[in-house]
Amino acid sequence: MNGRGSRLRVAHVVESLGAGGAETLLADVVERLAPDRFESRVLALDAPLHLLPRLRAAGVWAEPIALCPRRRPLACAARLARRLRAYRPHVIHTHLYFANVLGRLAASATPSARVVTTLHNPDYTHESRPGPRFAARKALDRWTARRNAAFVAVSSAVAEDYRRQMGWTGIEVIHNGVDLDHFAPAPPSAPASDAWPQGALRVLSVGRLHGQKGHTLLLQAAAACRSRGLALALAIAGEGPLHAELEAQARAAGLGTSLRLLGRRSDVRELMRACDVFVFPSLYEAFGVALLEAMACGAAVVASRVGGIPEIVEDGASGLLVPPADPAALADAIACLAERPDRRRALGRAARLRAEAFDIRETVRRLESLYARLGSRR
């Protein structure tokens, strides 16, 4: 199939192009879709637009709608509808709540297009709020979803959550994938990272500084390890509203220079390659992209047994799983790996092998197959 007229046109609608898991997955996929079969256009409703230069450098047509969907939903939907009418996509693929709802409404501008939504988060279990506003939000999601031809979930846990909360059936599970060539163990000649002081167990966590990610529990576990006499240094990469709170907690716990809050980093892969233990202590999690990336880099991992994480980590074989919200169990797992370097190295090798089951190329292949099926049903 050569030429624009013979390719399947896919419009990818997303809330923003920030550097979150859903947005990064979208970029990873559209860069790899077979160019002789698919033509992509990425429509981001609002800022941030961190991934926009990356997409354009890869030759992907990406443009912002530039209207806040929360403050101006009708105007945003109308502008999006005009973009879709001009593009005439065969498939409209939506990501995240406002893009899902407004993307489905705007799809009325292209009645023959088939709509598919990727469900990235368990929105209606862990992030629900009492009151009529949230109930209306959920009802609008359910009502607009009548426009959908298909649903995709990033894990079986997320699919089950939506079956229970929304009554949606036939959800196809397509796991997030990782670029195994980019996220790979460091070569022997790789320089040492200066993110940790010398002479301590290098512990890393990556994620936004938000209550969901369990960083306060991680600091409690780090303090417990220190009280056992373990030389441990902790680095956390990510931004978020809990930055000052975590700093205060570290001071109160006497962690001092043992904790480094690194902020947003462009060298996350190098940090993952250099750490001794990667810890992912989330209270709930749809999948865990950063966890999978660390495993692909050959890191020994400790993670919470929540959501889609057990679909990635085989407890005791390719990592250690602990109950959520249990800093004592988290400290025990970290201490186990600190005291047994042979066990740590074996888990790191097994983690890399396990990560190979989540190759981004397989994620893309399955999405290509879905797009082709939807396009043939128009």
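For clarity, every value in this text was computed on a predicted model and none was experimentally measured.
- For the pair Ala290 and Met272, the tightest heavy-atom approach, listed with the atom from each and the gap, is O-CE, 3.4 Å.
- Side-chain contact of Arg365 with Ser369: a donor-acceptor pair under 3.5 Å is absent, judged by distance alone.
- Here the CD-NE2 distance, from Gln212 to His126, works out to 8.5 Å after rounding to the nearest 0.5 Å.
- The main-chain N or O of Leu51 is never found under 3.5 Å from a side-chain atom of Arg54 such that the two would form a donor-acceptor pair.
- Residues Ile92 and Val116 have side chains not in contact (no heavy-atom distance under 4.5 Å, counting atoms from C-beta outward).
- The 12-atom threshold is not exceeded at CZ of Arg361, counting heavy atoms of other residues, nucleotides or ligands nearer than 6.0 Å.
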Taking it one step at a time, do His95 and Val13 satisfy side chain to side chain contact (heavy atoms under 4.5 Å, CB included)? CA-CA 6 Å; His95 304 263; Val13 184; over 6 Å; no
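- Smallest separation of non-hydrogen atoms from Cys76 and Leu45: SG-CD2, 3.8 Å.
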Could you walk me through whether Ser155 and His175 pass the side chain to side chain donor-acceptor pair (under 3.5 Å) test, one step at a time? CA-CA 6 Å; Ser155 68; His175 287 117; over 6 Å; no
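- Proximity of a side-chain donor or acceptor of Asn121 to a complementary backbone N or O of Asp123 within less than 3.5 Å is not detected.
- Of the possible donor and acceptor atoms, one in the side chain of Glu15 sits under 3.5 Å from a partner among the backbone N and O of Tyr97.
- Judged by distance alone, the side chain of Asp267 and the main-chain N or O of Glu270 form no donor-acceptor pair under 3.5 Å.
- Formation of a donor-acceptor pair under 3.5 Å by the Glu172 side chain with backbone atoms of Phe151 is not found in this model.
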One pair to check against salt bridge (charged side-chain N to carboxylate O under 4.0 Å, His left out): Glu239 and Arg208. What are the steps and the verdict? CA-CA 5 Å; Glu239 299 174 315; Arg208 61 195 176 106; over 6 Å; no
Criterion side chain to side chain contact (heavy atoms under 4.5 Å, CB included) on Arg343 and Leu337, from CA distance to verdict: CA-CA 7 Å; Arg343 173 78 163 139; Leu337 296 183; 4.0 Å; yes
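- Residues Val301 and Val277 have side chains not in contact (no heavy-atom distance under 4.5 Å, counting atoms from C-beta outward).
- Proximity of Leu84 to Pro89: side-chain heavy atoms (C-beta onward) are separated by under 4.5 Å at one or more points.
- Of all heavy-atom pairs between Ala34 and Glu368, the closest is N-OE2, 2.8 Å.
- Less than 6.0 angstrom separates the ring centroid of Tyr371 from the ring centroid of His93.
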Side chain to side chain donor-acceptor pair (under 3.5 Å) between Ser304 and Ser282, worked out: CA-CA 6 Å; Ser304 303; Ser282 297; 5.8 Å; no
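- A donor-acceptor distance shorter than 3.5 angstrom exists from the side chain of Ser205 to the backbone of Val279, with no hydrogens or angles considered.
- From Leu259, atom CG reaches atom CH2 of Trp196 across 12.5 Å, with rounding to the nearest 0.5 Å.
- Listed by chain and number, the residues in a side chain to side chain donor-acceptor pair (under 3.5 Å) with Arg264 amount to none (sequence neighbours excluded).
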Is there a side chain to side chain contact (heavy atoms under 4.5 Å, CB included) between His12 and Leu43? Walk through the geometry before answering. CA-CA 6 Å; His12 307 265; Leu43 301 168; over 6 Å; no
Kindly indicate, with the supporting measurements, whether the criterion side chain to side chain donor-acceptor pair (under 3.5 Å) is fulfilled by Gln249 and Thr216. CA-CA 8 Å; Gln249 182 185 351; Thr216 57; 4.9 Å; no
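- If you take CG on Asp28 and CD1 on Ile360, they are separated by 5.0 Å, rounding to the nearest 0.5 Å.
- Of the possible polar contacts, none joining the Tyr124 side chain to the Asp161 backbone as a donor-acceptor pair under 3.5 Å is found.
- In the displayed structure, Arg72 atom CZ is contacted under 6.0 Å by at most 12 heavy atoms of other residues, nucleotides or ligands.
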Could you give me the CA-CA distance, side-chain angles and deciding distance for Glu39 and Leu8, then say whether side chain to side chain contact (heavy atoms under 4.5 Å, CB included) is met? CA-CA 6 Å; Glu39 177 189 311; Leu8 200 70; over 6 Å; no
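- Nearest heavy-atom pair, Val154 versus Asn176, reported as atom, atom and distance to 0.1 Å: CG1-OD1, 3.3 Å.
- The CG atom of Leu25 sits 7.0 Å away from the OG1 atom of Thr363 when rounded to the nearest 0.5 Å.
- Between Arg32 and Asp179 a salt bridge is recorded (basic side-chain N to carboxylate O distance below 4.0 Å).
- The aromatic rings of Phe287 and Phe358 sit perpendicular to each other, their planes meeting at more than 60°, with 30° as the lower class boundary.
- Taking the side chain as every heavy atom from C-beta outward, Leu271 and Val206 never approach each other to under 4.5 Å.
- Arg202 contributes a side-chain N or O that, together with a main-chain N or O of Ala274, makes up a donor-acceptor pair within less than 3.5 Å.
- Closest approach of Arg305 to Pro310, counting heavy atoms only: CG-CG, 3.9 Å.
- Leu105 has its side chain out of reach of Arg147: every pair of non-hydrogen atoms, C-beta onward, lies at least 4.5 Å apart.
- Using a distance-only test at 3.5 Å, with no hydrogens or angles considered, a donor-acceptor pair links the side chain of Arg269 to the main chain of His182.
- With Arg366 contributing its side chain and Val173 its backbone, the two residues share a donor-acceptor pair below 3.5 Å.
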Arg7 and Asp36: CA distance, side-chain angles, deciding distance, salt bridge (charged side-chain N to carboxylate O under 4.0 Å, His left out) verdict: CA-CA 7 Å; Arg7 291 188 294 171; Asp36 60 332; over 6 Å; no
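- Within the 4.5 Å cutoff, the side chain of Val30 has heavy atoms near those of the Ser40 side chain.
- Between atom CG of residue Leu119 and atom CZ of residue Arg163 there is a gap of 10.5 Å, rounded to the nearest 0.5 Å.
- The residues Arg83 and Glu63 are annotated as salt-bridged, a charged nitrogen and a carboxylate oxygen being separated by less than 4.0 angstrom.
- Across all their heavy atoms, Arg273 and Pro187 have their closest contact at NH1-CD, 4.1 Å.
- Met295 is listed as a side-chain neighbour of Ile312, based on a closest heavy-atom distance under 4.5 Å.
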Begin from the C-alpha positions of Arg104 and Thr144 and carry the test side chain to side chain donor-acceptor pair (under 3.5 Å) through to its verdict. CA-CA 6 Å; Arg104 294 164 188 157; Thr144 57; 3.0 Å; yes
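- Side chains of Val364 and Leu33 form a contact here, defined as non-hydrogen atoms less than 4.5 Å apart.
- A cation-pi arrangement is not found for Arg9 relative to Phe38, the charged atom failing to lie both closer than 6.0 Å to the ring centre and inside a 45° cone about the ring normal.
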When the side chains of residues 218-228 are checked against the rest of the protein, which donor-acceptor pairs come out under 3.5 Å, sequence neighbours left out?
from: Arg226; atom 1: NH1; to: Ser258; atom 2: OG; distance (Å): 2.4
from: Ser227; atom 1: OG; to: Ala224; atom 2: O; distance (Å): 2.6
from: Arg228; atom 1: NH1; to: Asp332; atom 2: OD1; distance (Å): 3.4
from: Arg228; atom 1: NH2; to: Asp332; atom 2: OD1; distance (Å): 2.4

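- In this structure, the separation between CZ on Phe278 and CG on Leu347 is 15.0 Å, given to the nearest 0.5 Å.
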